[in-house]
There are 2 protein chains.
Amino acid sequence: MASEFELINSCFLPLSKGLQANELGIGDDGAVLNVPANHQLVVVTDTLVSGVHFPEETNAYDIAWKALAVNLSDLAAMGAEPGFFSLALTLPNNEQAWLGEFARGLTAISEQYSIPLIGGDTTKGHLTVTVTAQGWVEQGKAVRRSGAQCDDLICVTNTIGDGALGLKVAQNSLPRQVDNALSAEEKSFLLAALNRPIPQLLLSRLLSDYANSAIDISDGLLADMGHIFEQSTPGLNAEIELGQIPLSSATQKYIDKTQDWTTILTGGDDYQLCFTMLEDDFKTMHEKASKIGVELTVIGRVIESVSPVLLQDGEVFNQQGGELKGYLHF
Amino acid sequence: MASEFELINSCFLPLSKGLQANELGIGDDGAVLNVPANHQLVVVTDTLVSGVHFPEETNAYDIAWKALAVNLSDLAAMGAEPGFFSLALTLPNNEQAWLGEFARGLTAISEQYSIPLIGGDTTKGHLTVTVTAQGWVEQGKAVRRSGAQCDDLICVTNTIGDGALGLKVAQNSLPRQVDNALSAEEKSFLLAALNRPIPQLLLSRLLSDYANSAIDISDGLLADMGHIFEQSTPGLNAEIELGQIPLSSATQKYIDKTQDWTTILTGGDDYQLCFTMLEDDFKTMHEKASKIGVELTVIGRVIESVSPVLLQDGEVFNQQGGELKGYLHF
């Protein structure tokens, strides 16, 4: 295996561009970065393990994209602007073609969101990718999970459930009647949701301005929304109307044919944002978000309740088989 | 396996203490930290993989200690003061006793160097520990590898080679005549050098004030010193006198009996600092370092040369068998 130094130099050095003259990126014991005045630093860390967080056959480009995307999604949920990131890459072997593809995927997302790579470590072992990303918020403007208020609207970005169905496409495990109903484009859309999630960084500033609480949806809407209420004022919870949850055309077909809300609400890999806000501000925020291409949807409201309430056409909903019911009574 | 949230809460939450009131540690999508005025941020990342960077039977306390220590050593080499760190922990299973020991080791070193844990990620897989640590240097005062000047003294902290011999103790692979010659205390000292390295953070400020270049010795003195000359003005290199390299009593016995300098100079796991500086400043820096318990030794000088020169009693030295010779001609 080439030394850490060679690996980093050959593949990753170009990702370090974009730093200022008195900053230092890859190649020393540590990176040295400037700090914007009147801002706080936001730090996020996420690890992807091959065979756990992505199928082992996932290509290197997509692994790299996703490893950074899931971290940028966390920065977005805090209302932070991207700063820079470091990469800890554990690899079973030093296969140049694989590394080249990985670097190509990492370059693509790094350039798209203007976030340079500042260093890291490459080691030998089971394929594991840890990214630590740093960003900035204006002093005191970070959005926490803990700020939900009674009567807040509960909102999400774009559509929910596509990543979970993308995994079914990747594993060829869609029910046959759904598989037949989906177009090639719809399947590609679902796979892209799984492999190349789009972090909702465009929304960072608006979240920071308008949201009372926020979280990114990585483990499924119900679990992650649950974290908001675990950390906010006790006695509050969510009342959600299933019919209001925004679905892509592909996911709508899946629901129409299966009524399997469990997969949609607990499958994870959404990387959309769930947040709560004052009703009075929603119209303004919705318009501003639309202008930057982010669709916001109100899916429910914060109520006084010890557990979340799911409604379907106004009636309390429990998934047949009880899987979803388990989620509703943690 | 308990969820990420439960793991973090039960074991690691106490390590997040010491943050200011408007800062945020473990438990949200990201941590939020204050930034000292007129400072730059220094970021370092190191990964330890079980079976690669430590023997698989290493106890959890020592793994945790070392995972943070090697990162603090990188901060020290940059001349940085410790700020905070995040932890990406990949575990084969959720064994509470192991996690408890790991948290105990992490707490010990975190408290010793006043560096709080601010978050991270726990995942399932082969035991792999990635720490990303952040620190601060005064604006423009970071110490780089690239600043070595001709005629600089080459210095190291404390003693060299103890970690490499500690590995031989752990693996029970010391030559018999050495094993017989070492006291129980000497073997314990070598094991501690391997498993609980002491990051030379006390020296950060002095390095920042006096050193022209610095690196921490993790891969062996020769390899790491080599990185200084790869990155400094071309045509410079090191002239080192073996007899000046500071050795512990245990390592001196090993050398006396084996003359195996290859293990001492290339074995790695030292976590001492190697740096270059003006001769005129050495006396002052040496006195200041002694007062804080760090022994500094001049082991050689920066000369005009295309490769490093190792001397023994003034004669050019090449290890029998050629292993060291290979290192001297990269």
Side-chain angles (χ1 to χ4, degrees), chain A residues 3 5 22-24 27-35 37 39-53 73-75 77-78 80 84 86-90 118-126 128 130 132 134-135 137 139-140 142 144-146 214-216 219 227 230-231, chain B residues 3 5 22-24 27-35 37 39-53 73-75 77-78 80 84 86-90 118-126 128 130 132 134-135 137 139-140 142 144-146 214-216 219 227 230-231:
Chain A
S3 76
F5 192 76
N22 68 341
E23 292 182 311
L24 185 63
D28 212 303
D29 288 290
V32 182
L33 291 315
N34 295 330
V35 166
H39 281 68
Q40 288 179 297
L41 180 69
V42 178
V43 184
V44 302
T45 300
D46 260 317
T47 298
L48 303 186
V49 180
S50 177
V52 179
H53 301 94
S73 182
D74 282 325
L75 283 184
M78 299 301 293
F84 33 80
S86 47
L87 169 71
L89 178 60
T90 304
I118 53 158
D121 194 12
T122 49
T123 51
K124 188 172 170 67
H126 183 77
T128 306
T130 295
T132 298
Q134 278 107 346
V137 283
Q139 189 78 34
R144 303 181 178 199
R145 295 177 179 175
S146 57
I215 193 168
D216 94 306
D219 296 331
H227 294 321
E230 288 158 15
Q231 296 189 34
Chain B
S3 76
F5 191 76
N22 68 341
E23 293 182 310
L24 185 61
D28 212 303
D29 289 289
V32 183
L33 291 316
N34 296 331
V35 168
H39 281 67
Q40 288 179 297
L41 181 69
V42 177
V43 184
V44 302
T45 299
D46 260 315
T47 297
L48 303 186
V49 180
S50 176
V52 179
H53 300 93
S73 182
D74 281 326
L75 284 183
M78 300 300 294
F84 33 80
S86 47
L87 170 71
L89 179 59
T90 304
I118 54 159
D121 195 10
T122 48
T123 52
K124 189 175 169 66
H126 183 77
T128 307
T130 295
T132 298
Q134 278 107 346
V137 283
Q139 188 78 33
R144 302 183 178 198
R145 295 177 179 175
S146 57
I215 193 166
D216 92 306
D219 296 331
H227 295 322
E230 288 158 14
Q231 297 190 33

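Keep in mind that what you see is a predicted model, and the values were worked out from it rather than measured. Lettering follows sequence order; numbering is per chain, from 1.
Contact count against chain A (heavy-atom pairs under 4.5 Å) is highest for Asp28(B) among Thr132(B), Leu33(B), Val43(B), Asp28(B). Each of Leu41(B), Val44(B), Asp74(B) has some count of heavy-atom pairs under 4.5 Å with chain A, and the biggest count is that of Leu41(B). In terms of heavy-atom pairs under 4.5 Å with chain B, the best-connected choice from Val42(A), Thr90(A), Thr47(A) is Thr47(A). In terms of heavy-atom pairs under 4.5 angstrom with chain A, the leader among Val32(B), Leu89(B), Leu87(B), Val137(B) is Val32(B).
At a 4.5 Å heavy-atom cutoff, Ala37(B) makes no contact with chain A through either its backbone or its side chain. With a 4.5 angstrom heavy-atom cutoff, His39(B) touches chain A only via backbone atoms. In this structure, the portion of Ile118(B) lying under 4.5 Å from any heavy atom of chain A is its side chain and not its backbone. Looking at Val49(B), the atoms closer than 4.5 Å to chain A (heavy atoms on both sides) all sit in the side chain, from C-beta outward. For chain A, the nearby part of Ala142(B) is the side chain; its heavy atoms alone come within less than 4.5 Å. Looking at Val52(B), the atoms closer than 4.5 Å to chain A (heavy atoms on both sides) all sit in the side chain, from C-beta outward.
Looking at heavy atoms from C-beta onward, Gln40(A) lies out of side-chain contact with Leu24(B) at the 4.5 angstrom threshold. With contacts defined as side-chain heavy-atom distances shorter than 4.5 Å, the pair Asp121(B)/Thr130(A) does not qualify. Taking the side chain as every heavy atom from C-beta outward, Thr128(A) and His126(B) never approach each other to under 4.5 Å.
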- Check the pair Thr45(A) / Ser86(B) against side-chain hydrogen bond (donor to acceptor under 3.5 Å, both in side chains), numbers first and verdict last. CA-CA 7 Å; Thr45(A) 300; Ser86(B) 47; 3.3 Å; yes

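A distance of 5.5 Å separates CG of Asn34(A) from CD of Gln139(B), quoted to the nearest 0.5 Å.
Scanning all heavy atoms of the two residues, the minimum distance from Ala77(B) to Asp29(A) falls at CB-OD2, 3.5 Å.
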